[in-house]
Enquirer: 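The structure is given below, and queries will be raised subsequently.
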Amino acid sequence: MADEKELRYEPAAIEEKWLERWAADPKLYAAEPATCGKPKYYVLEMLPYPSGQLHMGHVRNYAIGDALARQMWMRGYNVLHPMGWDAFGLPAENAALKNNTPPREWTLKNIAAMKRQFTRLGMAFDWANEVTTCLPEYYRWNQWFFLRMFEKGLVYRKKSKVNWCPQCATVLANEQVVDGCCWRHDDTRVEQRDLEQWFLRITHYAEELLDGLEKLDGWPEKVRTMQRNWIGRSEGTEVDFFLEESHQGPRDQETKGRRDQETQGRRDQGTKGPRDQGTEGPRIRVFTTRVDTIFGATSVQLAPEHPLVREFAAANPELKAQVEAMIAQQKAAKEAGDIGAIEKHGVATGHFALNPYNGERVPIWVANYILMDYGTGAIMSVPAHDERDFEFATKYGIEIRQVIKPLQNEDAAKLPFCSEEGVLVNSGTYDGLTCAEAQNQLQKAAARKGFGEAKVIYRLKDWGVSRQRYWGTPIPMMHCERCGLVAVPDAQLPVLLPDQIEITQQGGSPLGRVPEFVNTACPQCGGAARRETDTMDTFVDSSWYFYRYTDARNGEAPFDSAKARYWFPIDQYIGGVEHAILHLIYSRFWTKVMRDLGLVENDEPARRLFTQGMVLKDGAKMSKSKGNVVSPDEMIARYGADAARMYALFAAPPDRDLDWQEDGVAGVSRFLGRVYRLVVKYAPVARMAAGSATISAGNPVEVQLRRKLHQTIAKITQDFEGRWHFNTCVAAIMELVNELQGADGRLAAGEVAAPVVRELLQSLVLLLAPFAPLLAAELWEQLGGEGAVLHAPWPQSDPALAKEDEIEIPVQINGKLVSVVRVAAGSDAKTIEAAALADAKVQARTAGKNMAKVIVVPGRTVNLVVK
RNA sequence: GCGGAAGUGGUGAAAUGGCAAACACACCAGCCUUAGGAGCUGGCGCCUGAAAAGGCUUGCGGGUUCAAGUCCCGCCUUCCGCACCA
């Protein structure tokens, strides 16, 4: 036996030794071809942005995935566990500005640095299929997909209001705007500008993206809910209100509007149908989910940007000024991020519209709470049955007419009444119908008479992919003076991003300032053409990178469909919840497009999704400005990679936020030291048993130690399959080690047979391997284990050995714990009851009392109900 | 406002409706020593008590149950997402 005093756990020495060996064996983590005969398992962690430094969030994310990948290898799966770099994006340009380093150089340098960190952490990645999104061999396929989508009509160009960050000098997606500020610059307000933009028609798949969520039961409910809300499906009706032709000049709008309602409102309903007036004339289309309340519509409200408003304003300078003020105020509020807090207000236009169902004349207003980019940008206002309309009508004295009577509490008919639990009143021939019936009939009537239809609308918008930036995938289109918009032919791909470029802080696209890039020949007519200078949103890169991992060196296609068919869907995807909506919805969209192109067969990219919690320090997100950043390099230098990784798994369940405490890392490192000394101390005994030595029945120490071992195996194996509470897995390993250490004297005295020692120590090391792979590799070798620990079979729990033969049963009297009795495991209720009643403490407390009831839960508890 | 998650010792946390606080961190006491950021042993929820012992305890208030941290109802707090979505 080695002298324990001389044994010191030196993580640096052990880890470096094994990292060197692994580096010499690049095939170690390589995925095997489909023909290998093993079941496949694709485990994927979200790829990092190459900022130059891994942070603790990465360490945690990749420690989780690495543990899973390693365990699956040990369980005999063909594992694909790749890694890559989300390498396009703004920081590279910002760095270029700051340090005068070209983005490409800066990015590649960062990648090299982070790859070293990954390697130093002992991550089991298959680098043979590394993907770097900023290289032409990757981004050419972004362009290729863009062209395929263009052919399928999924790409279009539209002038639209965009969020503009003056700091980035670029367009932001809605989702990149946080509280009215840029997501990267939370002190910079986003402005609204009008630009020609490229869009991907993700809304084409809105329904499928929504329905597909039902089947994604391996995804967290939270993520599914967020996506559901993001898609925002809404069933309703579009209805045309007819525009009354008599245009009138400006006047006292408020009082006039009010008087009109009073006289009009009492008019017999339905006498003046849509056929009588204005069927052919101009209309205002509104969207409503409550067409059943249409007889209560006492005004029509338009968004300030509505085209009709512009028309009205053209002839009415006063209105024009008011609307412009409204738009300016809205814009200011949006930029300040307190839209929503803004008070509802509006202006009557002096024009009137006719309710298509009864011809009732209602005033047309412009209101600041109507959104141009949702629905039709116009609503019918029903103050009696909508809270916002109620607030507005109250403020301006617009009539509030109840047309739905509640089914319950009819007396307490407090307005606004917004529930659909009611029947129609004041609604002509529709009186008495339930809301649902009325909606149905009113829709049919509208369709029949040609002034409306049932309609489903979505909150989800098409994906604006244009960016006026340099460091991104060039959009493969050109503008020919003669032919117009022309797609770059496949044969000319990739459209290369020029290397020589001056990065400045000026607005507009940097590519526009590179004549060699911009000036080109039209592939159709050969004449002069200008290349599109927008580049693609980096979410494009991350929407399909995981397919490329299956075939990353393919020069003929984005990937080989046969390979994708084998590996997809991803069995387990792991990443931060901050990507719950954007990245994950775009990825799902891309998968569906690829399926429709015939490239893949799966409908969804990932079967299971896991979102890990954040890593905090002192209860706050780590950030440079707070000065609370913990560097992985420092942790590795002090405690070793194994300790840093294992702490990340031990400190909290993986789905919860984790507060990084260095003392905790030190504790894990001390624990690994105990394991190291224990295993090394008895390794010679274990090695003695090598070969065919069998384990005999065993003495009590052996039985007890093996029991603990097999219980631990069972617990950890189960956790990998279900809950993923790796914190309790590590705790279980600690308990096992504590038990072994407690038996140190017996082990030293040779009371435990060598084959048992071998079983105990080898199994311990195997259980440790997913969490502390470097130490496990060393100890596996010391124990004389065969081959790489990575491919050693995962230990099997023998239930017969794990079983306790005596258990403790708590005894309660009236639900209060009184005593504990020991019985043989598996005892029946009668035996347990007898043991409980025989207990001295129990007898003392029940003496002379009436036993009303005895509840025995075998293996669990006894509860005596005593009066 | 709407939706979701969470609230347990000094700290991170554990607990298929069945002994609350496993496993650690910190702290306290002791041992060892070629003095280390080492190792080993023991203690450690709160209150009363010298002790023995007893009582209390999972954000608050109710409820279901023989039995509730766990299930149900209401409330409070924190965090996250959405937010004038017609």
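Order of the sequence lines fixes the chain letters, A, B, ..., with proteins taken first and strands second; residue numbering starts at 1 for each chain.
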Enquirer: Identify, residue by residue, the members of residues 646-658 of chain A with a heavy atom below 4.0 Å from RNA chain B, and return them in order of residue number, or none.
Expert: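 Residues of residues 646-658 of chain A that come under 4.0 Å of RNA chain B are, in numerical order, A:Phe650, A:Ala651, A:Pro653, A:Arg656, A:Asp657.
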Enquirer: I'd like to know if A:Arg723 reaches the base of B:rU16 with its side chain, counting only an N/O donor and acceptor under 3.5 Å.
Expert: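 Result: no qualifying N/O pair found.
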Enquirer: Would you measure the distance from the C1' atom in B:rC56 across to the matching atom in B:rA20 and give it in whole Å?
Expert: 13 Å
Enquirer: Is A:Glu387 side chain donor-acceptor paired with the B:rC84 base, going by distance under 3.5 Å alone?
Expert: no
Enquirer: Give none if B:rA22 has no partner; otherwise give the nucleotide forming a Watson-Crick or G-U wobble pair with it, both distances under 3.5 Å.
Expert: none
Enquirer: Using atom types as modelled and distance alone, determine if a side-chain donor or acceptor of A:Glu235 lies under 3.5 Å from a backbone N or O of A:Thr289.
Expert: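 No, the answer is negative, given that no donor and acceptor are paired below the 3.5 Å cut-off.
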Enquirer: Just call it for A:Lys344: base, sugar-phosphate, or nothing, with non-hydrogen atoms closer than 4.0 Å on any strand.
Expert: base
Enquirer: Using atom CD of A:Glu221 as one end and atom P of B:rC82 as the other, report the distance to the nearest whole Å.
Expert: 17 Å
Enquirer: Between A:Arg670 and B:rC25, is there a side-chain N or O to OP1/OP2 distance below 4.0 Å?
Expert: yes
Enquirer: Any side-chain N or O of A:Asn738 under 4.0 Å from OP1/OP2 of B:rA24?
Expert: yes
Enquirer: Check each of A:Asp719, A:Thr717, A:Thr712 against A:Lys715 using the side chain to side chain donor-acceptor pair (under 3.5 Å) test, and report the only one that passes.
Expert: A:Asp719
Enquirer: Answer with base, sugar-phosphate or nothing: what part of the nucleic acid does A:Gly375 contact at a heavy-atom distance below 4.0 Å?
Expert: nothing
Enquirer: Rounded to whole Å, please give me the gap between CD in A:Glu735 and P in B:rA15.
Expert: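 It is 12 Å, rounded to the nearest whole Å.
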Enquirer: Just to be sure I understand the rule, does A:Ile809 reach a base, reach only the sugar-phosphate, or reach nothing, if contact means heavy atoms closer than 4.0 Å?
Expert: nothing
Enquirer: I need the CH2-C1' distance between A:Trp724 and B:rA13, as an integer number of Å.
Expert: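 Answer to the nearest Å: 20 Å.
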Enquirer: Which label fits A:Phe287 and A:Tyr374: parallel for a plane angle under 30°, tilted from 30 to 60°, or perpendicular past 60°?
Expert: perpendicular
Enquirer: Please state the C1' separation for the pair B:rU57 and B:rA21 - nearest whole angstrom.
Expert: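 Approximately 11 Å lies between the C1' atom of B:rU57 and that of B:rA21.
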Enquirer: Sticking with atom P, work out how far B:rC72 lies from B:rG4, rounded to a whole angstrom.
Expert: 13 Å
Enquirer: Does B:rG74 count as syn, meaning its glycosidic angle lies within 90° of 0, or as anti?
Expert: anti
Enquirer: Give the rounded distance in Å between these two atoms: CD of A:Gln711 and C1' of B:rC23.
Expert: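 Result: 15 Å.
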Enquirer: Does this structure show an ion pair linking A:Lys830 with A:Glu833, if we count only N-O contacts that are shorter than 4.0 Å?
Expert: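 Salt bridge absent between A:Lys830 and A:Glu833.
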Enquirer: Has the side chain of A:Tyr682 got a donor or acceptor atom that lies under 3.5 Å from a matching backbone atom of A:Asp744?
Expert: yes
Enquirer: Pick base, sugar-phosphate or nothing for A:Val857, based on heavy-atom distances below 4.0 Å to the nucleic acid.
Expert: base
Enquirer: Should we say atom CZ of A:Arg845 is surrounded by more than 12 heavy atoms from elsewhere, each under 6.0 Å from it?
Expert: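 No, not enclosed.
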Enquirer: Under 3.5 Å, is there any donor-acceptor pair linking the side chain of A:Asp663 to the base of B:rC25?
Expert: no
Enquirer: Please state the C1' separation for the pair B:rC60 and B:rA51 - nearest whole angstrom.
Expert: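 Rounded to whole Å, the distance is 37 Å.
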Enquirer: Does B:rA86 have its OP1 or OP2 closer than 4.0 Å to a side-chain nitrogen or oxygen of A:Ser381?
Expert: no
Enquirer: Taking the side chain of A:Lys853 as its heavy atoms from C-beta onward, which of B:rA38, B:rC66, B:rC19 lies nearest to it?
Expert: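 Among B:rA38, B:rC66, B:rC19, the one nearest the side chain of A:Lys853 is B:rC66.
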